[in-house]
Protein chains: 2
Amino acid sequence: MTEQITGPRPTLEAVAARAGVSRATASRVVNGGAGVRAPLVEKVRRAVEELGYVPNHAARTLVTRRNGAVAVIIAEPEFRIFSDPFFEQQVRGISRELTAHDAQLVLLWVEGPGDHERIARYLGGGHVDGALAFSLHSDDRLSALIVRSGVPTVFGGRPAGSDLAVPFVDCDNRGGAREAVRHLVSLGRKRIAHIAGPRDQTSALDRIAGYHDVLVDADPALLCQGDFTRESGARAMAQLLDRWPDLDAVFASNDLMAAGALSTLRERGVRVPEDVAVVGFDDMESVVRDTAPALTTVRQDIEGMGRIMVKLLMRRLDGAGEAESASASASVITQTSLVRRASA
Amino acid sequence: MTEQITGPRPTLEAVAARAGVSRATASRVVNGGAGVRAPLVEKVRRAVEELGYVPNHAARTLVTRRNGAVAVIIAEPEFRIFSDPFFEQQVRGISRELTAHDAQLVLLWVEGPGDHERIARYLGGGHVDGALAFSLHSDDRLSALIVRSGVPTVFGGRPAGSDLAVPFVDCDNRGGAREAVRHLVSLGRKRIAHIAGPRDQTSALDRIAGYHDVLVDADPALLCQGDFTRESGARAMAQLLDRWPDLDAVFASNDLMAAGALSTLRERGVRVPEDVAVVGFDDMESVVRDTAPALTTVRQDIEGMGRIMVKLLMRRLDGAGEAESASASASVITQTSLVRRASA
DNA sequence: ATGAAAGCGCTAACAC
DNA sequence: GTGTTAGCGCTTTCAT
């Protein structure tokens, strides 16, 4: 019934024998068949088919020193954020692009410093060709470890310790924030507040910087600290409202906080956008879907960033021989775009 | 500064040379050192240390035919449910246990039937020693494929097609449901409804069965269909309330739906548990944390189930030589326990 | 208890 | 173009 592979799997040798060619030729065909005459290619292909031949990965790795696997390193605080659609999207992009490159995703889940040694050993053991990591928090110890392992790595999000000159992929947080605030200004708003994200994440810092780029001498009290959660956004909005009776706009560092702000506004009977205009950041579908009014926000292509992380890594791996440290180690900053909806 | 591994990594040969022993002895020491005299063990250990030797995985796999990696196959609908804490917990358990066994987690993300062939090839390619899969939905095609690949596999959740005699790990859904309903009965409740989960998940079906075990001739109209979401629970509760004015208890197939039911009850001014007692299923911390009143529910140890999946798989892999199909392929049903809180 | 030697299955020079 | 051959780094009989 269930046609199960029974005996030992056929080797290249067997394929070659059946096709009546040498092992080398069989190998060439299996690897694309460049420089082999058509009829032979055909013969080998048939033999592969008939025997159900599948290349032995270990043997191949042993000689090529490439194993077609990439580690995705996720530290506990971020994994928790798997509930955060942000991560799901990024990992989705990574997974898809990896598949397109015929590479496997090896998940390395770091629960704490106790796991550091294991990770270092694994990375140092050459089990993977490269690694993808996320630099969400300022705790550099893990990042440093990864870099030191010597495994080509691309980070997601600009690392905090700028001394580590590692390639990363991030969206233009600062530029996006600028665009958001400029939009608010263009609407004629005079008193524009900012609900900021946690200070230990570069994305939040960059967005604050963008805010200040436009509002050079904004009163510091217009800036209210949040932590990227909906509740913190609601709280911050309440504070701002108390502090600034004439407030007419707010730029939140992410959509979740913007949604929180929106609910506070509604509770207080403040009209959006008539009285206060609101702009978010991320364009997170699951959040944006049901805010009232529809949220104007800065979109970033998260899945795309995941894919780019992989592309960057792959380029580095492929070009390993040539321009080692040339454009190979360049980072990528992706564009953001303002999505205008009803809230501003 | 960054102490990076520069040249090619040292081989066993190098270690042996430095320790003044043969490659064979060095190998023995690296693999535990059984049957090697202490002084030599010591010498080799030192050489390993000094050279920073790390075994070459591919070479080892090539000869042992074991590669210390396990695939975790996640199909798209379930991955979406990564937001569902259920999955996070189960994967956490799996990851931890795998680490304890020195095995790596290779994530295989299946987006649709288009990926089936790729998965089959990967599994067939012997890249992993075993696989862990989830049988949440009745779509057997993927499951069948996995089974057919011949890779030892353990499923999470009882598979729908009972014809596939594959080992799985699941909690005692039916027994747990029975306990929940019996508790309601012991409370003196006479009109006990059930908010069921989707019909294509065995867990939901088993819980329905448990409900009927206790309430043998319950009116079919006491059973209301939900889909495991909070909203569906709220809706179902409303329907039941309309249908049964004398309703005094409800058992929901999961906590999320119970939470939804609770909010409907509150809206309608129905007191819990005085008027209607409510019991959930899962004891999902993130849901249970903030229901009012605190939810009485059936607890299952999800992380533990993840760990058991790994243990089962490992036992199968290790005992591969001996009692192949003996107790090796047995499934595990874990106990549930009723957690009494305020709602029933 | 230790060493010598034979591969594991494959790719990549190098000959032809 | 195609075949021959030499390893990749390791484990594992088999002698000693």
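Order of the sequence lines sets the chain letters (A, B, ...), proteins ahead of strands, with each chain counted from 1.
- Under the side-chain contact (heavy atoms from CB on, under 4.5 Å) test applied with A:L132, the options A:V154, A:I146, A:V169 reduce to a single match, A:V154.
- Bracketed by its first and final contacts, the part of DNA chain D lying under 4.0 Å from non-hydrogen atoms of chain A reaches from D:dG1 to D:dG9 in 5' to 3' order.
- Contact check for B:T11 versus B:V15: no side-chain heavy atoms found under the 4.5 Å cut-off.
- The shortest side-chain heavy-atom distance between A:R118 and B:T99 falls under the 4.5 Å cut-off.
- Using a distance-only test at 3.5 Å, with no hydrogens or angles considered, a donor-acceptor pair links the side chain of B:R316 to the main chain of B:T153.
- Between A:R66 and A:D318 a salt bridge is recorded (basic side-chain N to carboxylate O distance below 4.0 Å).
- For the pair A:Q90 and A:I302, the tightest heavy-atom approach, listed with the atom from each and the gap, is N-CG2, 3.8 Å.
- Here the side chain of A:N67 pairs no donor or acceptor atom with the backbone of A:T61 at under 3.5 angstrom.
- The closest donor-acceptor contact from the side chain of A:T25 to the backbone of A:V21 lies at 3.5 Å or more, if one exists at all.
- Taking 4.0 Å as the cut-off between side-chain N and carboxylate O, A:E88 and A:R92 count as a salt-bridged pair.
- Protein chain A contacts DNA chain C from C:dG9 to C:dA13, reading 5' to 3' and using non-hydrogen atoms of the protein with a distance under 4.0 Å.
- At a non-hydrogen distance threshold of 4.0 Å, A:V21, A:S22, A:R23, A:A24, A:T25, A:R28, A:G35, A:V36, A:R37, A:L40 from residues 21-41 of chain A come into contact with DNA chain D.
- Under 4.0 Å is where a charged nitrogen must lie from a carboxylate oxygen, and between B:E49 and B:R45 no such pair does.
- For DNA chain C, the neighbouring residues in residues 49-63 of chain A, judged by any heavy atom under 4.0 Å, are A:Y53, A:P55, A:N56, A:A59, A:R60, A:L62, A:V63.
- Listed here is the closest heavy atom pair of B:L312 and B:A330: CD2-O, 3.5 Å.
- For the residue pair B:V151 and B:G130, the shortest heavy atom distance occurs at CG1-CA, 3.5 Å.
- One end of the helix from C:dA1-D:dT16 to C:dC16-D:dG1 points its axis 40° away from the other end's axis, with each axis taken from 5 pairs and the angle rounded to 10°.
- The line from OG of B:S331 to CZ of B:F155 is 10.5 Å long, rounded to the nearest 0.5 Å.
- Here ring-ring contact (aromatic ring centres under 6.0 Å, His included) pairs that include residues 29-68 of chain B, with residues two or more places apart or in two chains, are A:H127-B:H57.
- No side-chain donor-acceptor contact under 3.5 Å links B:D170 to the backbone of B:I333.
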